[in-house]
Amino acid sequence: MSKRIETSIVIDKPLDIVWQEVKVMENHVNWMEDAVKIDILSENNSGINTKMNVLTKVGPIKLTDIITVTEWKEKESIGVIHEGIVTGEGIFYLKAINESQTEFKWEETLKFPIYLGGVLGEFFGSFVLKYIWKKNLKNLKEIIE
């Protein structure tokens, strides 16, 4: 079983400006509080098949997340798969609301291993992660605006 988590925010900047920040994978540590360090493992650092080693920290739990980009639609979406201790899929959607506002939607479906609580860990962890990711999106908004 796995748990689906969704959150979104409206950023008061045009889509082009939001995309310029979001498409630089290494910059995600600037606004993601749970992403401590991102090392690009692939020759490419953007687009399909970009592979990253992400040191992630949530409270006292630190883990390495291997992330591979599986979808890349310019100014629309970035989809990934997570491999490692926690597995699953995630996607960012960007949509222009008007000329000066962009909606950023973040969806993840994650599976926790038994030693991180399995289904129970997914249930409680989803509340914690949603809280962190809402904060991450607020951080992104502050950086861009």
Side-chain angles (χ1 to χ4, degrees), residues 1-11 13-97 101-144:
M1 188 162 177
S2 50
K3 184 69 177 168
R4 184 178 179 87
I5 307 162
E6 297 179 21
T7 190
S8 65
I9 197 166
V10 173
I11 300 172
K13 287 293 179 183
L15 175 61
D16 288 343
I17 291 173
V18 177
W19 178 254
Q20 289 305 311
E21 179 64 31
V22 173
K23 76 175 186 175
V24 182
M25 306 308 282
E26 302 99 308
N27 285 357
H28 290 194
V29 296
N30 296 336
W31 50 274
M32 289 184 175
E33 294 184 359
D34 51 324
V36 177
K37 184 178 179 192
I38 297 175
D39 294 314
I40 303 294
L41 302 174
S42 55
E43 288 186 23
N44 55 312
N45 63 357
S46 67
I48 298 282
N49 294 323
T50 300
K51 192 168 195 164
M52 300 162 279
N53 187 18
V54 181
L55 177 59
T56 304
K57 184 176 186 296
V58 176
I61 300 170
K62 276 188 182 180
L63 55 92
T64 300
D65 192 8
I66 305 296
I67 296 175
T68 304
V69 177
T70 56
E71 178 178 316
W72 186 279
K73 294 181 183 172
E74 288 287 316
K75 300 178 189 174
E76 274 186 46
S77 62
I78 299 173
V80 300
I81 58 169
H82 297 269
E83 301 171 276
I85 295 169
V86 175
T87 59
E89 298 178 347
I91 191 160
F92 297 152
Y93 292 107
L94 290 89
K95 184 174 103 179
I97 296 171
Q101 290 184 310
T102 303
E103 179 186 39
F104 185 111
K105 187 175 182 182
W106 185 347
E107 297 178 2
E108 296 268 357
T109 303
L110 300 174
K111 184 173 183 173
F112 286 40
I114 294 296
Y115 62 87
L116 285 180
V119 175
L120 195 57
E122 290 167 8
F123 177 78
F124 290 108
S126 67
F127 292 106
V128 172
L129 292 174
K130 186 169 185 171
Y131 173 80
I132 291 170
W133 293 341
K134 279 184 175 227
K135 176 77 168 114
N136 289 348
L137 292 184
K138 287 179 186 174
N139 292 342
L140 175 62
K141 182 176 180 168
E142 288 174 11
I143 287 171
I144 295 173

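Both backbone and side-chain heavy atoms feed into the values below; hydrogens, waters and symmetry mates do not.
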Just how far is it from atom OG1 of Thr87 to atom CZ of Phe112, taken to the nearest 0.5 Å? 10.0 Å
Between Pro113 and Ile85 the two heavy atoms that sit nearest each other are CD-O, 3.2 Å
Interatomic distance, CD1@Ile81 vs CG@Asp65, rounded to 0.5 Å, equals 10.0 Å
Look up atom NZ in Lys130 and atom CD1 in Ile5, then write down how far apart they are to the nearest 0.5 Å. 9.0 Å
Kindly compute the distance separating CH2 (Trp72) from CE (Met25), expressed to the nearest 0.5 Å. 5.5 Å
Could you tell me which residues satisfy ring pair (Phe, Tyr, Trp, His ring centres under 6.0 Å) with His28, sequence neighbours excluded, listed by chain and number? Trp31, Phe92
Checking Glu107 against Lys105 for the salt bridge (Lys or Arg N to Asp or Glu O under 4.0 Å) test, could you report, in this order, the C-alpha distance in whole Å, the side-chain angles of both residues, the deciding distance, and whether it holds? CA-CA 7 Å; Glu107 297 178 2; Lys105 187 175 182 182; 3.2 Å; yes
Asn49 versus Asn44, side-chain donor and acceptor atoms under 3.5 Å: no
Taking the side chain as everything from C-beta on, heavy atoms only, tell me whether Ile11 gets closer than 4.5 Å to Ile17. no
Do you know the tightest heavy-atom contact between Trp19 and Glu76? CZ3-N, 4.2 Å
Hey, is CD on Glu74 packed in by over 12 heavy atoms from elsewhere, all under 6.0 Å? yes
Under-4.0 Å salt bridge between Glu6 and Arg4: yes
For Thr70 and Val80 the tightest heavy-atom approach is OG1-N, 3.7 Å
Met52 CE to Thr68 OG1 distance, which is reported to the nearest 0.5 Å: 7.0 Å
Evaluation steps, side chain to side chain contact (heavy atoms under 4.5 Å, CB included), between Ile67 and Ile38: CA-CA 10 Å; Ile67 296 175; Ile38 297 175; over 6 Å; no
Nearest heavy-atom contact between Asn30 and Ile143 is O-CD1, 3.3 Å
Derivation of the side chain to side chain contact (heavy atoms under 4.5 Å, CB included) call for Leu129 and Glu108: CA-CA 10 Å; Leu129 292 174; Glu108 296 268 357; over 6 Å; no
Donor-acceptor contact present, side-chain Thr109 to main-chain Glu89, <3.5 Å: no
Evaluation steps, side chain to side chain contact (heavy atoms under 4.5 Å, CB included), between Ile9 and Trp133: CA-CA 10 Å; Ile9 197 166; Trp133 293 341; over 6 Å; no
List for me each residue that meets side chain to side chain donor-acceptor pair (under 3.5 Å) alongside Asn139, sequence neighbours excluded, and say none if there are none. Glu33, Lys135
List the atom of His82, the atom of Leu110, and the distance in Å for their closest heavy-atom pair. CD2-CD2, 3.8 Å
Spell out, as yes or no, whether a donor-acceptor pair under 3.5 Å connects the side chain of Ser42 to the backbone of Lys51. yes
Taking C-beta and beyond as the side chain, do Ile91 and Ile78 meet within less than 4.5 Å on heavy atoms? no
Could you report the tightest heavy-atom contact between Lys57 and Val36, atom names first, then the distance? CB-CG2, 3.7 Å
How about Gln101: does its CD atom have over 12 heavy atoms from other parts shown lying under 6.0 Å from it? yes
Return the NZ to NZ distance between Lys23 and Lys75, rounded to the nearest 0.5 Å. 8.0 Å
